[in-house]
Each structure stands twice: as structure tokens, then as C-alpha cells.
Amino acid sequence: MLLLAGAGLLLPAVAGCNIVAAVAYFFGPPQIQWAEFRLTDGRLAVLVETARPEQDNPVFRQAFSDKLAEIFRDQRVKAQLVPQEEIFRLRQQDPDFSRWSVQKVGRRLNAKYVLYVRIEDLLLRESPGSPVLAPAVRMRLRLVDPHAPPDKAQLWPGPHERDGRQVARGRQHREATDALAVDEEAAKLGKDAAYLVAAPFYDVDLEKKTPWEP
């Protein structure tokens, strides 16, 4: 009887704890993931390179660049993005562009920062010729100061990630009904990738879901 009585006293206490926890969740301070690096005023060049040339996808690239610019604008990131057209013209004008360092690219673009995005894998189908789309991308990111000594050029991430921050995103499989479906998934994957690349540079509200493409 005493045990049952004790349990009866404990139940209201447990219920009370749950209520307090719920109140704390709704009225407590927001859960914020603070920016790892805060970009200041100045030109920011986003240099995207694909490790495997056969995986280069213009639809992915365009969607990624447009969405990244939109996110930075919405989140009031101070740096001004260098138009991708400028980077394209620079590539076209100099046949040695592929051998330039990231720092040299930044200096030629008069950029304060270069965000180097290396696409290590970009896949749209389960396998070559497969009727099933399985969009996935894996990238490494580095923020570089074009004007610093080479051994101090990497501003982010820190020295424990000298090869850059690795990020990855995969999307739900679907049938590749036609070429339009393939391009749609490439664009959606590019937009999703933009959120991964932008997130370290602004404060993220962890209570809000990332608005991945449907």
C-alpha cells in the first residue's frame, strides 16, 4: 500500500516536470547555431570546380549559384557576391586558368574572399543509363583570403580541417521519366547544396527545418 501511495505521489510530479519542460521549450531562448565565420563588406567570389569533369552539370551549377545568392541576401550576409559571369569570362580569357591558385583567382577578381567549392561527386542516376534518379552531391568547402601569405590564406574552416569542410546531400529516388525530370532533380539538388554551403556564414535557427526542395 505504501508503494502504491508513493507511486501516486510520483505521477503528479512527473506530469509537472513534463509541463515545465514543455513550457521551457516554447518560451525558452531560441536554439541558434551561430555563424562559424562572419563575412564582412567586400567582394566574395564563389569558385566552383568539379573534381570529375564528366560530372559537371550546368543546370546544377546555375541553380546552386542563384540559390546561394538568394540565401545570402535573405540572411543579410554583408559580402557582395561576384557575378558568376565575371568568373566565367576570366576562365575564357586565360588558357592557364585551370592552373591558377585559388588566391590568384581571387586577386584577379579583386575579391576580399574566395569561397572555394570543390564538387567531389555529383551523381543523378543510380548508375549510368539507369531509369532511376538518385541525386547526390559531396563537396569540400574552403574560405580563402586572396591577399594573405599562402600558409595563412585559409580563413575557414580551422587548421583541423585543412582540406576543407566536407558536406553532402542526397535526395529521394524517383523515376527518370524524361530529360526534363533529370534537369529538375539537378536544379533541386543544386538549391539544396546552396543551403549546406551558406549555413556556416549566418546564424541558423535550429528550431526551423531547412527548406529542402520538395
Side-chain angles (χ1 to χ4, degrees), residues 28-50 58-91 93 97 100-120 137-169 187-213:
Q31 301 299 306
I32 302 296
Q33 176 180 285
W34 304 112
E36 295 182 43
F37 190 97
R38 294 195 184 277
L39 297 162
T40 56
D41 288 333
R43 281 164 60 89
L44 167 65
V46 180
L47 179 61
V48 181
E49 293 191 343
T50 307
V59 175
F60 173 91
R61 279 175 173 265
Q62 189 63 54
F64 168 78
S65 298
D66 292 345
K67 192 64 178 183
L68 186 66
E70 178 186 320
I71 296 169
F72 278 176
R73 182 171 59 251
D74 290 347
Q75 297 300 327
R76 298 179 181 177
V77 174
K78 291 184 177 180
Q80 296 86 49
L81 283 172
V82 174
Q84 285 296 307
E85 292 77 9
E86 285 191 38
I87 301 175
F88 177 76
R89 282 198 301 270
L90 195 60
R91 286 181 186 273
Q93 289 169 0
F97 183 92
W100 290 3
S101 68
V102 174
Q103 284 189 289
K104 181 174 180 178
V105 173
R107 289 194 296 269
R108 290 291 299 269
L109 291 167
N110 192 30
K112 183 176 183 178
Y113 308 104
V114 179
L115 179 54
Y116 180 59
V117 180
R118 179 178 173 82
I119 300 173
E120 297 188 328
V137 64
R138 182 166 53 89
M139 304 174 289
R140 282 195 183 272
L141 319 174
R142 292 192 295 127
L143 185 70
V144 172
D145 180 349
H147 308 286
D151 60 334
K152 296 180 180 178
Q154 185 164 309
L155 300 172
W156 173 90
H160 57 294
E161 295 176 280
R162 293 307 303 173
D163 293 332
R165 173 71 52 82
Q166 188 174 73
V167 297
R169 170 70 177 161
K188 289 180 178 181
L189 184 62
K191 293 176 183 179
D192 284 357
Y195 282 103
L196 297 175
V197 172
F201 305 106
Y202 65 92
D203 299 338
V204 177
D205 185 346
L206 297 178
E207 294 175 11
K208 293 182 179 179
K209 291 184 179 179
T210 303
W212 304 120
E213 288 295 301

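The side-chain hydrogen bond (donor to acceptor under 3.5 Å, both in side chains) pairs that include a residue from residues 105-116 are Thr40-Lys112, Thr40-Tyr113, Glu49-Tyr116, where partners are two or more places apart or lie in different chains. For residues 69-85, the side-chain hydrogen bond (donor to acceptor under 3.5 Å, both in side chains) pairs, not counting sequence neighbours, are Lys67-Glu70.
Evaluation of the side chain to side chain contact (heavy atoms under 4.5 Å, CB included) rule for Gln62 yields Asp66 as partners, not counting sequence neighbours. Shown here are the salt bridge (Lys or Arg N to Asp or Glu O under 4.0 Å) partners of Arg89, two or more places apart in sequence or in another chain: there are none. For Gln33, the side-chain hydrogen bond (donor to acceptor under 3.5 Å, both in side chains) test picks out no residue, with sequence neighbours left out. The side chain to side chain contact (heavy atoms under 4.5 Å, CB included) test applied to Ala153 returns Gln103, Val144, not counting sequence neighbours. Under the rule for a salt bridge (Lys or Arg N to Asp or Glu O under 4.0 Å), Asp145 has no partner lying at least two apart in sequence or in another chain. With sequence neighbours excluded, the residues that form a ring-ring contact (aromatic ring centres under 6.0 Å, His included) with Phe201 are Trp156. The salt bridge (Lys or Arg N to Asp or Glu O under 4.0 Å) search around Arg142 returns none, not counting sequence neighbours. A search for side chain to side chain contact (heavy atoms under 4.5 Å, CB included) contacts involving Ala69 returns Leu81, not counting sequence neighbours. Partners of Leu196 under the side chain to side chain contact (heavy atoms under 4.5 Å, CB included) rule, at least two apart in sequence or in another chain, are Val167, Arg169, Trp212. Listed by chain and number, the residues in a salt bridge (Lys or Arg N to Asp or Glu O under 4.0 Å) with Glu36 are Arg165 (sequence neighbours excluded).
Among all heavy-atom pairs drawn from Ala199 and Val204, the shortest one is O-CG2, 3.8 Å. Here the closest non-hydrogen pair linking Pro146 and Ala111 is CG-O, 3.4 Å. Of all heavy-atom pairs between Ile71 and Tyr202, the closest is CG2-CE2, 3.8 Å. Contact record, Phe72 with Ala198: CE2-CB, 3.5 Å, taken as the closest heavy-atom pair. When every heavy atom of Gly106 is checked against every heavy atom of Val114, the shortest pair comes out as CA-CG2, 3.4 Å.
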Between Ile32 and Asp205, does the side-chain contact (heavy atoms from CB on, under 4.5 Å) criterion hold? Intermediate values first, please.
CA-CA 5 Å; Ile32 302 296; Asp205 185 346; 4.1 Å; yes
side-chain contact (heavy atoms from CB on, under 4.5 Å) between Leu47 and Arg91, worked out:
CA-CA 11 Å; Leu47 179 61; Arg91 286 181 186 273; 3.5 Å; yes
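Tested against Phe64 for a side chain to side chain contact (heavy atoms under 4.5 Å, CB included), the candidates Val46, Val59, Leu189 yield a single pass: Val46.
For the atom pair CE of Met139 and CD of Glu120, the computed distance is 10.0 Å after rounding to the nearest 0.5 Å. Annotation: the span from Leu141 atom CG to Asp163 atom CG amounts to 12.5 Å, rounded to 0.5 Å. For the atom pair Phe88 CZ and Gln93 CD, the distance stands at 10.5 Å (nearest 0.5 Å).
In terms of modelled atom types and a separation under 3.5 Å, the side chain of Glu213 and the main chain of Ala187 share no donor-acceptor contact. Side chain of Asp203 to backbone of Trp34: no donor-acceptor contact under 3.5 angstrom is found.
A heavy-atom distance below 4.5 Å is not found between the side chains of Thr50 and Phe60. Here the side chains of Leu143 and Leu39 are in contact, with some heavy-atom distance below 4.5 Å. Residues Leu68 and Val197 form a side-chain contact, since some pair of their non-hydrogen atoms from C-beta on lies under 4.5 Å apart.
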